[in-house]
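Contents: one structure, followed by commentary.
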Amino acid sequence: MTWEGLPPDSRPEPDRPLGGRPLTRTHSPREIRDTVDSLTNEHHELALLEGHSLDGSADGIQLGPMGLVHVAYGARVGVESPPSGRQVVIVLPLGPMGVESNGHQWIAREPFALSSRHSTRMAPDPHSGALVGSVEAAVVEDYLESLQSKPLRAPLVLSSERPLRLASPRLVEAAWLEACRVLGADSEPPAEITVKALVSSLLSTMTLGLAPHLSSSLGSS
């Protein structure tokens with residue numbers, strides 16, 4: 001993944017939607033990588049652009065079945081996530097992000113999903129970073145089955161034969177950022193009713209966003 005075509009570093013004070021849930025402030029690529037992986041259940045690789053030093057931060061929370069983390073590296077980095085497999089991972093860039101997966105390259109300014117079958121390389125904005133949400137595919141499958149009141153035709157697979165951009169991206173982004181700001185405004189554990197309500201909202205908007213990529217699981221109506 002290269003950084004050609006990306007705008008210059010953004011310098012205003014970055015938005016930290018989970019700022020009340022700090023996890024780490026570090027100069028160690030390994031520490032911030034492991035912190036993010038602990039909430040996303042990934043095993044991604046992180047590479048600093050030569051000559052740069054990391055000044056990273058990660059804020060996050062485990063919200064019921066869903067892990068949420070906002071990460072900013074404070075430097076130009078390359079992130080490579082493996083195929084997500086049985087994990088559904090949504091990335092909300094908070095600044096322009098270079099993305100490459102399965103032969104597709106684009107500058108992402110709106111949320112997208114990681115591929116179940118192909119690795120994804122990303123070059124996030126150094127200061128704004130990205131919000132990442134992750135949940136087991138089985139949780140999404142159960143939610144889809146409850147919506148359509150019948151079993152899925154096939155397990156959920158996000159194949160990335162085309163870029164996994166989300167439908168209604170602004171609605172998804174607004175709902176997820178607002179949920180994170182609610183969580184980030186208080187350092188105390190959220191009440192059970194709050195967890196259930198926010199998880200329901202996040203799953204609802206996630207499935208709305210993923211709708212164009214669910215035909216193999218849902219089948220014909």
At what distance, to the nearest 0.5 angstrom, does [atom1] of [X] lie from [atom2] of [Y]?
| X | Y | atom1 | atom2 | answer |
| --- | --- | --- | --- | --- |
| R16 | L131 | CZ | CG | 13.0 Å |
| L48 | H27 | CG | NE2 | 12.0 Å |
| T120 | L164 | OG1 | CG | 7.5 Å |
| R153 | S217 | CZ | OG | 8.5 Å |
| R121 | S101 | CZ | OG | 11.0 Å |
| E31 | T26 | CD | OG1 | 3.5 Å |

Flag the pair [X] / [Y] as yes when at least one side-chain heavy-atom distance between them is below 4.5 Å, and no otherwise.
| X | Y | answer |
| --- | --- | --- |
| L68 | L39 | no |
| E42 | S84 | no |
| R165 | W106 | yes |
| M206 | V172 | no |
| V132 | V36 | no |
| V69 | T40 | yes |
| E173 | P111 | yes |
| Y73 | D55 | no |

How close do [X] and [Y] get, counting heavy atoms only, and between which atoms?
| X | Y | value |
| --- | --- | --- |
| A113 | L158 | CB-CD1, 4.0 Å |
| A72 | I32 | O-CD1, 4.0 Å |
| R76 | P124 | NH1-O, 4.2 Å |
| V135 | P65 | CG2-O, 3.6 Å |
| H70 | S128 | NE2-O, 2.9 Å |
| L214 | L156 | CD2-CD1, 3.1 Å |

- When you check the gap from the basic side-chain N to the acidic O, do R170 and E110 get nearer than 4.0 Å? yes
- Query: With sequence neighbours left out, what residues match A130 under side-chain contact (heavy atoms from CB on, under 4.5 Å)?
  - Reply: V91, M97
- Partners of P190 by side-chain contact (heavy atoms from CB on, under 4.5 Å), sequence neighbours excluded? R21, I61, L63, L183, T194, V195
- Out of curiosity, does V157 fall in the hydrophobic cluster containing L210 (side-chain heavy atoms, cut-off under 4.5 Å, transitive links)?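 No, L210 and V157 fall in different hydrophobic clusters.
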- Sort and list the pairs that fulfil salt bridge (charged side-chain N to carboxylate O under 4.0 Å, His left out) and have at least one residue in residues 192-203, not counting sequence neighbours.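 As it turns out, the salt bridge (charged side-chain N to carboxylate O under 4.0 Å, His left out) pairs with a partner in residues 192-203, which skip direct neighbours, are E192-K196.
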- Query: What pairs of residues pass the salt bridge (charged side-chain N to carboxylate O under 4.0 Å, His left out) test when at least one of them lies in residues 78-99, not counting sequence neighbours?
  - Reply: R86-E141
- Is there a salt bridge (Lys or Arg N to Asp or Glu O under 4.0 Å) between D59 and R25 once you walk through the steps? CA-CA 9 Å; D59 309 310; R25 304 287 182 266; 2.8 Å; yes
- Query: Hey, does the side chain of Q87 reach the backbone of V89 with a donor-acceptor pair shorter than 3.5 angstrom?
  - Reply: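 Not a single qualifying donor-acceptor pair exists.
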- Backbone N/O of A197 and side chain of S200: donor-acceptor pair under 3.5 Å: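 Checking the backbone N and O of A197 against the side chain of S200, no donor-acceptor pair under 3.5 Å is found.
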- Message: Show, in sequence, the C-alpha distance, side-chain angles and deciding distance for L152 and L218, and conclude whether the side chain to side chain contact (heavy atoms under 4.5 Å, CB included) test is met.
- Response: CA-CA 5 Å; L152 297 182; L218 298 177; 3.8 Å; yes
- D37 side chain to H44 side chain, donor-acceptor N/O pair below 3.5 angstrom: yes
- Task: Applying side chain to side chain contact (heavy atoms under 4.5 Å, CB included), run through T24 and D34 and close with a yes or a no.
- Result: CA-CA 10 Å; T24 187; D34 291 349; over 6 Å; no
- Counterpart residues, salt bridge (charged side-chain N to carboxylate O under 4.0 Å, His left out), relative to R30 (two or more places apart):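 Counting only residues at least two positions away or on another chain, R30 forms no salt bridge (charged side-chain N to carboxylate O under 4.0 Å, His left out).
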- Please step through side chain to side chain contact (heavy atoms under 4.5 Å, CB included) for the pair S57 and V71, ending with a clear verdict. CA-CA 6 Å; S57 66; V71 58; over 6 Å; no
- Message: Please give the remaining members of the hydrophobic cluster of L208, linking ILVMFWY side chains under 4.5 Å, ordered by chain and number.
- Response: L171
- Message: Run the side chain to side chain contact (heavy atoms under 4.5 Å, CB included) test on L203 and V139 for me, step by step, so that the C-alpha distance in whole Å, both residues' side-chain angles and the decisive distance to 0.1 Å come before the verdict.
- Response: CA-CA 9 Å; L203 285 174; V139 174; 4.1 Å; yes
- Query: Centre of W176's six-membered ring, under 6.0 Å away, within 45 degrees of the axis: is that where NZ or CZ of R181 sits?
  - Reply: no
